[in-house]
Number of protein chains: 2
Amino acid sequence: MSTRSRSARRPVGITEVARHAGVSPGTVSNVLNRPERVAEATRLRVEAAIAELDYVRNSSGSSLRSGRSESVGLLVLDVTNPFFAEVARGVEDEAAHSGLAVVLLNSAETRQRQRRNVRLLAEQRAAGAVVMPVDDDLSDLLWLSRQGTSWVALDRGDVSEDVGCSVSVDNHEGGLAAGRHLIGLGHERVTFLTGPSAIEQVRRRHQGLRAAFEEAGLDPDAAVRVVEQPLLNPGQGERAVDAVLAGGPKQRPRAVFCANDQLALGLMKGLGRRGLRVPEDISVVGYDNLDFADLVHPGLTTVAQPKYELGREAMRLLHSELNESGHLHERVLFTPELVVRGSTAAYRS
Amino acid sequence: MSTRSRSARRPVGITEVARHAGVSPGTVSNVLNRPERVAEATRLRVEAAIAELDYVRNSSGSSLRSGRSESVGLLVLDVTNPFFAEVARGVEDEAAHSGLAVVLLNSAETRQRQRRNVRLLAEQRAAGAVVMPVDDDLSDLLWLSRQGTSWVALDRGDVSEDVGCSVSVDNHEGGLAAGRHLIGLGHERVTFLTGPSAIEQVRRRHQGLRAAFEEAGLDPDAAVRVVEQPLLNPGQGERAVDAVLAGGPKQRPRAVFCANDQLALGLMKGLGRRGLRVPEDISVVGYDNLDFADLVHPGLTTVAQPKYELGREAMRLLHSELNESGHLHERVLFTPELVVRGSTAAYRS
DNA sequence: GTTGGGCATTGACACGTTTCAATCAGAGTG
DNA sequence: CACTCTGATTGAAACGTGTCAATGCCCAAC
């Protein structure tokens, strides 16, 4: 191992490797990219030179020449949200499988930052992207398509097939499942604790919930009360406890369906602080099935989304879009699944 | 807005912009990189052309020419861990501040994947990297330095200044604080629930805990019992309950200090399942102060790490290493802070 | 012995950008 | 008017790679 330890040496390029192996640069390039086209003997000689000189390829050079880089972007709404972390893992695993590098970019829920990140992907001539759009304005994505970078929308079911692929979970079905569960336990009135109704996902969950009541022959307008918070985080859930309990003990709801687990956990904490017990006094249902849903006491009944699979499928779709020439946009819809734990109980008068 | 919507057009380059503005490519480059060197009138003309043609710069070209890209890597142990998500946010915010793009890469706790990612950074000629090394073998990082990419180590205090910068939190101090707190509550025996002692961080926390007992004139060997699990996740915490309670009710520990919050939360769940109450029967202390520590019931007493600040400071250090020529490696050490919540109570015989 | 075909390799160019010495225009000075 | 000085602009040369037509070689077939 006589690696020269001069800390800043000029990096060796494909040409130097070629010289060292007594071969032309083109051949070295072939060894790297289409090894089958080069004779065994020379291939070995080149590989030896590569190892000897500790050559590392310069991806700027290659993607400049080829017009495309071989990394894909993963545009996520919020790195802090455990839901996305799991999705990211799925995307990464699948990408590694097909030899693509993933760069994770965070929109921090803001439009501006999403735009900046999309632009960054265009500048890097990314091969493709898996994107969770920050709102239903898809103009950034359409622009990205025009720049020649294709994408797959994640967790947004309302993207039509003529603009792009999408992978999502059926939110209506999830709301329906939660509603049926509560109705099955005898609850005839439910509070829906949610975020801004501008978010398509939560709107659908709400519709699903209402559909469950209709299905049971109950009037959704009378049965479902909505409490809306500006954000979907635990703090907001805790703060919402006042609004949820408004109207005094007589009016107190006996079941709350929360638009996500974070709200639900916050709410449960707030309820505990008020001396109310879950599920004896109030049943709580969440959405997402974060790891922590199983760790609180009582365990949170919630609608599970196949997060990891969501990421994998998105990446798989992107991969096919990149490789198959006659690709048609697809729309994949997963079905969520209710996980019953201790936070819900039968209605008691 | 007469943007041609031909879906795949050849992207416009700096030369086409130049032609369109009646100017040389070099001038366009100057407008983009050193606007002060170009006359007001031409600058406006070029900017108009850029807007008109919807030009987006090709970063492959520029980083090929300049030899360095302007993105930095963030090598994280595990995207799934909320601790890292928070750190990532800090890194991102600070990077955005200095105009650098962050690419987040996941080592998934494995050596092999770390190596792959480090190599990727080298291939991309990344300007720098913020790295959480997967173990104490720093050879990958030294190799990266030789390739001309500088880095800052995160959350690993044992990196000497002659190899690189580092930012970390004083784990010894954290263990000490937890120990003092429990001793102050009258506990004279504590179980330390931990991960593999190969991990430097948890080793230090252990030492700190022992130091607290020594300080109080108690024999650490007698006072501290260690239960070691292979991983630091909630599942392992729940599974550990058997080992923690081994020895029957008489021997049952009255206080457990966990090497991180995830273990602690898992343990609390396991204890609940056994009908033991926290803190009445057993006090529990965690480490990290994840968001969820405040959401469980009772709230988890834990040692808080300045996660976001850790990320910011690492990025700040990297930035200075990249820009200041006479840079000397630095070692920044944050002090953790004990957050007392409901999971700890005074010893009762 | 000549021709043709297949395979391995070569050489040169193009990708889009930055950089830097060289040029040019114009203003100020003697 | 000749000169210099300053500041703005140009032109050409790299950076490291991939591609592709062209070349060279060897063997088989006639």
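In what follows, chains are A, B, ... by sequence order, proteins preceding strands, each numbered from 1.
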* **Nearest-nucleotide 5' precedence on DNA chain D, B:Arg125 against B:Ser24** =>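 This one resolves to B:Ser24.
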* Are A:Ser60 and B:Arg65 linked by a side-chain donor-acceptor pair shorter than 3.5 Å? ->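 No pair is found: no donor N or O on one side chain lies under 3.5 Å from an acceptor on the other.
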* Rounded to whole angstrom units, what separation is found between the CD atom of A:Gln124 and the P atom of C:dG16? ->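 Between P of C:dG16 and CD of A:Gln124: 17 Å.
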* Asked: Hey, does A:Val167 have a side-chain heavy atom less than 4.5 Å from the side chain of A:Leu317?
  ->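 A side-chain contact exists here, since the closest heavy-atom pair is under 4.5 Å.
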* Is A:Glu86 salt-bridged to A:Arg89, going by a charged N under 4.0 Å from an acidic O? ->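 Yes, charged N to carboxylate O under 4.0 Å.
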* To do: Could you identify which residues of residues 27-49 of chain A place a heavy atom less than 4.0 Å from some atom of DNA chain D, listed by residue number, or say none?
  =>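 The answer is A:Ser29, A:Asn33, A:Arg34.
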* Under the 3.5 angstrom rule, does the side chain of A:Ser98 hit a backbone N or O of A:Glu94 as a donor-acceptor pair? ->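 Yes; at least one donor-acceptor contact below 3.5 Å.
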* Asked: Do B:Leu318 and B:Cys165 come within less than 4.5 Å of each other through their side chains, counting heavy atoms only?
  ->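 Side chain of B:Leu318 against side chain of B:Cys165, heavy atoms only: no contact under 4.5 Å found.
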* Any side-chain heavy atom of B:Trp143 within less than 4.5 Å of one from A:Val56? ->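 In short, these two side chains touch, coming nearer than 4.5 Å.
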* Asked: Going by heavy atoms in the side chains, are B:Pro133 and B:Leu138 under 4.5 Å from each other?
  ->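 Sidechains of B:Leu138 and B:Pro133: in contact.
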* Asked: How bent is the helix from C:dG1-D:dC30 to C:dG30-D:dC1, comparing axes over its five end pairs at each side, to the nearest 10°?
  ->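 Between the axes fitted at each end of the helix from C:dG1-D:dC30 to C:dG30-D:dC1 lies an angle of 60°.
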* Ionic contact status for B:Asp136 with B:Arg156, cut-off 4.0 Å ->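 Looking at B:Asp136 together with B:Arg156, the answer is yes, because their closest N to O distance falls below 4.0 Å.
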* Does A:Asp93 pair with B:Arg113 as a salt bridge, N-O distance under 4.0 Å? ->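 Salt bridge: yes.
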* Asked: Rounded to whole angstrom units, what separation is found between the CD1 atom of A:Ile14 and the P atom of D:dC15?
  ->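 So the two atoms are 14 Å apart, to the nearest Å.
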* **From B:Val159, B:Val131, B:Val87, residue fulfilling side-chain contact (heavy atoms from CB on, under 4.5 Å) relative to B:Leu154** =>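 Output: one option passes, namely B:Val87.
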* To do: Taking only heavy atoms on the protein side, list every residue of residues 57-73 of chain A lying under 4.0 Å from any atom of DNA chain C, sorted numerically.
  =>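 Here the set is A:Leu64, A:Arg65.
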